[in-house]
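Quick notes on the structure that follows.
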Amino acid sequence: MAEQLTKRADDYAKWYNDLVLKADLAEHSEVRGCMVIKPHGYAIWEKMQSALDGMFKATGHVNAYFPIFIPKSYFAKEASHVEGFAKECAVVTHYRLKSDPVHGVVVDPEAKLEEELIVRPTSETIIWNTYKGWIKSYRDLPLLINQWANVVRWEMRTRLFLRTTEFLWQEGHTAHATRQEAIEETERMLEVYRVFAEEWLAIPVIKGLKTESERFAGAVDTYCIEALMQDGKALQAGTSHFLGQNFAKAFDVLYTNKENKQEHVWATSWGVTTRLIGALIMTHSDDHGLVLPPKLAPVQVAVIPISKNAEQLEALRAYVAPMIASLMSKGITVKFDDDDSKKPGWKFAEYEFKGYPVRIAIGPRDMENGTVEVARRDTLEKQVMQVTDIAEKVEHLLGHIQDNLYQKALAMRENNTRAVNSYAEFKEEIEKGGFLLAHWDGTPETEAKVKVETKATIRCIPLGSAPETGTCMVSGNPSKQRVIFARAY
RNA sequence: CGGGGCGUAGCGUAGCCCGGUAUCGCGCCUGCUUUGGGAGCAGGAGGUCGUCAGUUCGAAUCUGGCCGCCCCGACCA
């Protein structure tokens, strides 16, 4: 139920947690660190999948599926990759249980695997081991494959959607004949993520390059889109990696070029996760509950009849039927809630809390006047409208809401992005949250020092920003451009 | 892995210090009245008090062990 949501200003973390639970997006499972994604939350993921999948297809990718289990030895083949993931891998050691008089069932010690299997934390190794058999000639390239899957990373501390032991994602893995082509692919998919974040999630993001210490284990370059949450903390919303020839070399993936010479292929990988649901919540929602951009709302319009008796309800059904039909003919998703075990007031509160972008209430007065009451979730404004052309009006309204959410989030980010020029100023400003633009000398040592002293990290080296020479705020050494610092999720 | 908290009906809780078989709210069921911002009244159902052992005539309550989860920090999308 949706009463007494913690206020954001009182305790942002608690607000987030309460909201996820009370808006019925997810709940904690009995398994530590794992969540159950409930229908309302999963429906949002399905909308994300559908939009992204279309964008992947439009850029020439196809879907496939690779095993959840990865032989342990595969991991050893790419040194930095192992190092990056070794600490958080779940390992399967046996393949059978047997009944036991005391404990019910026990692991059968006779059924030990010769080689342990790793539950995938990411699939580069098994995919590259497979690609080796698929790629022989330049004619086999580029290979552009995506997979929708679950992965497991044994995290020390978890948070619903933001960090769970098991999560859902998509991972694209591509192979190319040239370095240049692979870099273009990396950038192309980063741009797909930017468009998706801004046009669908209504979350403004900054495209950038990760520093060495934040780079994906096994990548040459990691690109990212970074978003700023309402509490002033940064959240990485997607990544795209240029893997160079690291995995091709580790797994011997060679192709014969037009000159009949053997060369290692060039690779990329890129992914977004169910974490985006967390980003969506922390970008748009308020003290009244969830706020969803219309393009990702499982249902865009809730229609609520207000009637005193059964006859009136029948009359209302007849009154709204053409309206609902015309809404649906425009591709708008509608829920007509004529459940008479719940009162209208209860439904208002419920749909508001769950983030339905638009609510239409209709009662006896509306039938007399030829009107409906339209309420928008983003501003909580209510307006009585003539029912004539209501589908067009609602269609426009949904567009406005989508746009308004983006503009509000953008304004929030801009108001919380500022340049700082000294480390003293930085230390003071970082306490207020937000993105800080500062000069950095490019060394991991400086970055580490800042992290230890302020808990802030370099979120990214922004792409496409005008070069600006300066001096590192910490070391005083020369710097070619400002980078973005923030405290992050 | 450290620190803190919690475990009592579907959910949220009181009771525990000071032992006597469990409180209240929400939800659920029945009936009537209601319905434009979480309805009212009346009646009703629902609990191995996380688990195991100990103390005791008697344990939700005292003692010890175990299990589970959550929150805060260090690592990570």
(request) Compute both the distance and the angle, then confirm whether K342(A) meets the cation-pi test with W346(A): under 6.0 Å from the six-membered ring centre, within 45 degrees of the axis. (result) yes
(request) Using the C1' atom as the reference point in each nucleotide, state the distance between U34(B) and A22(B) in Å, no decimals. (result) 35 Å
(request) Using a 4.0 Å heavy-atom cut-off across all strands, classify E155(A) as base, sugar-phosphate, or nothing. (result) base
(request) Go ahead and name the base partner of C16(B); Watson-Crick or wobble counts if both distances stay under 3.5 Å, otherwise write none. (result) none
(request) Nearest whole angstrom, please: distance from the C1' of C71(B) to the CZ of R159(A). (result) 10 Å
(request) Identify the nucleotide, in any strand shown, that forms a Watson-Crick or G-U wobble pair with C1(B), with both distances under 3.5 Å; if there is none, say none. (result) G73(B)
(request) Report yes if a side-chain nitrogen or oxygen of R157(A) is closer than 4.0 Å to either non-bridging phosphate oxygen (OP1 or OP2) of C75(B); otherwise report no. (result) no
(request) Any strand is fair game: report the nucleotide pairing with C26(B) by Watson-Crick or G-U wobble, both distances under 3.5 Å, or none. (result) G10(B)
(message) Considering every strand and a 4.0 Å limit on heavy-atom distances, what is the contact class for V31(A): base, sugar-phosphate, or nothing?
(response) sugar-phosphate
(request) In whole angstrom, give the distance that lies between atom CG of D18(A) and atom P of G12(B). (result) 12 Å
(message) Looking only at the side chain of R32(A) (C-beta and beyond, no hydrogens), which of the listed nucleotides A74(B), G36(B), C69(B) gets closest?
(response) C69(B)
(message) Only pairs with both distances under 3.5 Å count, Watson-Crick or wobble alike; so what is the partner of U51(B) in this structure?
(response) G65(B)
(request) Would you mind pulling out the nucleotide paired to A59(B), Watson-Crick or G-U wobble, both distances under 3.5 Å? (result) none
(message) Rounded to whole Å, please give me the gap between CG in D340(A) and P in C32(B).
(response) 13 Å
(request) Could you let me know what C41(B) is paired to, Watson-Crick or G-U wobble, both distances under 3.5 Å, or none if it's on its own? (result) G31(B)
(request) Ignoring the backbone of A349(A), work out which of G38(B), U35(B), A77(B) is nearest its side chain. (result) G38(B)
(message) For H241(A) and F216(A), take the angle between the two ring planes, folded into 0 to 90°, and tell me which bin it lands in: parallel under 30, tilted 30 to 60, perpendicular over 60.
(response) parallel
(message) Checking contacts here: which listed nucleotide (C71(B), C75(B), G38(B)) is nearest the side-chain heavy atoms of E350(A)?
(response) G38(B)
